[in-house]
S.K.: 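The structure is given below, and queries will be raised subsequently.
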Amino acid sequence: MNLVIIGYGGMGGYHAHCLAEYNKTNPAYPLRAVGVYDIDPARGKAAEEAGLRAYASAEEVWADKSVGAVLIATPNDFHLPYVKAAAAAGKNIISEKPISLTSAMANEMYDAAEKAGVLFEVHQNRRWD
């Protein structure tokens with residue numbers, strides 16, 4: 001499945017590396033990072049240098065029919081709008097933890113994914129352990 005990483009400040013590079021390592025040991029269930037959306041143009045350039053597509057906007061990600069999933073690695077207060085937009089676009093979603101600032105916001109995310117019929121998963125990043 002093609003995955004786009006939505007991350008700020010270089011988070012996408014780390015996730016793309018982890019996916020490449022995952023795919024080495026799980027060839028039957030590949031997840032392929034195909035692109036990154038980051039508000040920092042330098043991160044987009046770094047993504048392109050790594051062989052990934054640099055999306056100019058989140059809307060460009062939502063419109064790309066080849067993208068089956070997104071990994072949202074943004075500050076927590078950005079998760080809700082990205083999850084709702086990704087769900088509305090039919091993208092499966094992985095969100096870094098904590099997923100929201102309140103339980104009401106989390107419920108909005110789960111409801112949006114359920115209504116759209118997409119998977120919504122929360123990921124606990126443990127890279128500093």
Side-chain angles (χ1 to χ4, degrees):
M1 176 179 295
N2 288 342
L3 174 88
V4 170
I5 300 158
I6 299 173
Y8 293 161
M11 294 292 287
Y14 173 79
H15 290 91
H17 170 76
C18 288
L19 283 173
E21 292 300 311
Y22 162 83
N23 286 331
K24 289 178 186 176
T25 58
N26 295 282
Y29 305 100
L31 283 171
R32 189 171 77 109
V34 296
V36 170
Y37 166 59
D38 193 306
I39 62 170
D40 180 355
R43 297 311 312 159
K45 183 173 168 55
E48 289 175 336
E49 290 170 357
L52 300 170
R53 177 177 174 184
Y55 289 84
S57 68
E59 291 74 22
E60 196 175 310
V61 175
W62 313 145
D64 188 341
K65 300 290 184 208
S66 72
V67 174
V70 295
L71 187 153
I72 300 173
T74 64
N76 304 337
D77 55 335
F78 286 91
H79 291 182
L80 177 61
Y82 282 128
V83 168
K84 289 173 75 172
K91 311 298 183 198
N92 294 303
I93 305 155
I94 303 167
S95 176
E96 286 207 326
K97 188 175 177 183
I99 61 170
S100 69
L101 303 176
T102 68
S103 58
M105 291 170 74
N107 286 334
E108 278 189 67
M109 290 183 228
Y110 283 110
D111 290 345
E114 185 175 336
K115 179 180 176 185
V118 298
L119 298 174
F120 178 46
E121 181 65 38
V122 179
H123 165 68
Q124 172 67 46
N125 186 324
R126 306 292 301 216
R127 82 175 138 244
W128 303 115
D129 288 357

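In this text, all values refer to a predicted model and were calculated from it rather than measured experimentally. Just so it is clear, the values below take in all heavy atoms, side chains as well, and ignore hydrogens, waters and symmetry mates.
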S.K.: For I99, does its backbone N or O pair with a side-chain atom of H79 as donor and acceptor, under 3.5 Å?
M.R.: yes
S.K.: Show the nearest heavy-atom pair for residues A58 and Y82, with the distance to one decimal.
M.R.: CB-CE2, 3.6 Å
S.K.: Please set out all donor-acceptor pairs under 3.5 angstrom arising from side-chain atoms of residues 46-54, sequence neighbours excluded.
M.R.:
residue: E49; atom: OE2; partner: K45; partner atom: NZ; Å: 3.4
residue: R53; atom: NH1; partner: D64; partner atom: OD2; Å: 3.2
residue: R53; atom: NH2; partner: E60; partner atom: OE2; Å: 2.7

S.K.: Tell me the closest heavy-atom pair linking Y37 and V4, and the distance in Å.
M.R.: N-CG1, 4.3 Å
S.K.: Can you name the closest pair of heavy atoms from L71 and L3 and give their distance?
M.R.: N-CD1, 3.8 Å
S.K.: Who are the side-chain hydrogen bond (donor to acceptor under 3.5 Å, both in side chains) partners of K24, not counting sequence neighbours?
M.R.: E21
S.K.: Nearest 0.5 Å please: distance from the CD1 atom of I6 over to the CD1 atom of I94.
M.R.: 11.0 Å
S.K.: I need the full list of salt bridge (Lys or Arg N to Asp or Glu O under 4.0 Å) pairs touching residues 106-122, with sequence neighbours left out, sorted by first then second residue.
M.R.: K84-E108
S.K.: Nearest 0.5 Å, what's the CG-CE distance between L80 and M109?
M.R.: 5.0 Å
S.K.: Return the minimal non-hydrogen interatomic distance between A86 and V70, and the atom names on each side.
M.R.: CB-CG2, 3.8 Å
S.K.: Going by the rule side chain to side chain contact (heavy atoms under 4.5 Å, CB included), which residues pair with A89 if we only count those two or more places apart in sequence or in a different chain?
M.R.: W62, K91
S.K.: Restricting to ring-ring contact (aromatic ring centres under 6.0 Å, His included), what partner residues turn up for Y110, sequence neighbours left out?
M.R.: F120
S.K.: Do you know the tightest heavy-atom contact between A112 and A87?
M.R.: O-CB, 3.7 Å
S.K.: In chain order, what residues pass the side chain to side chain contact (heavy atoms under 4.5 Å, CB included) check against L101, with sequence neighbours excluded?
M.R.: N76, D77, M105
S.K.: Locate the shortest heavy-atom distance separating L119 from N92; write the atom from each residue and the value.
M.R.: N-OD1, 2.8 Å
S.K.: Name all residues meeting the side chain to side chain contact (heavy atoms under 4.5 Å, CB included) criterion together with N26; count only those two or more places apart in sequence or in a different chain, and write none if there are none.
M.R.: Y22
S.K.: By side chain to side chain contact (heavy atoms under 4.5 Å, CB included), which residues pair with N107, not counting sequence neighbours?
M.R.: none
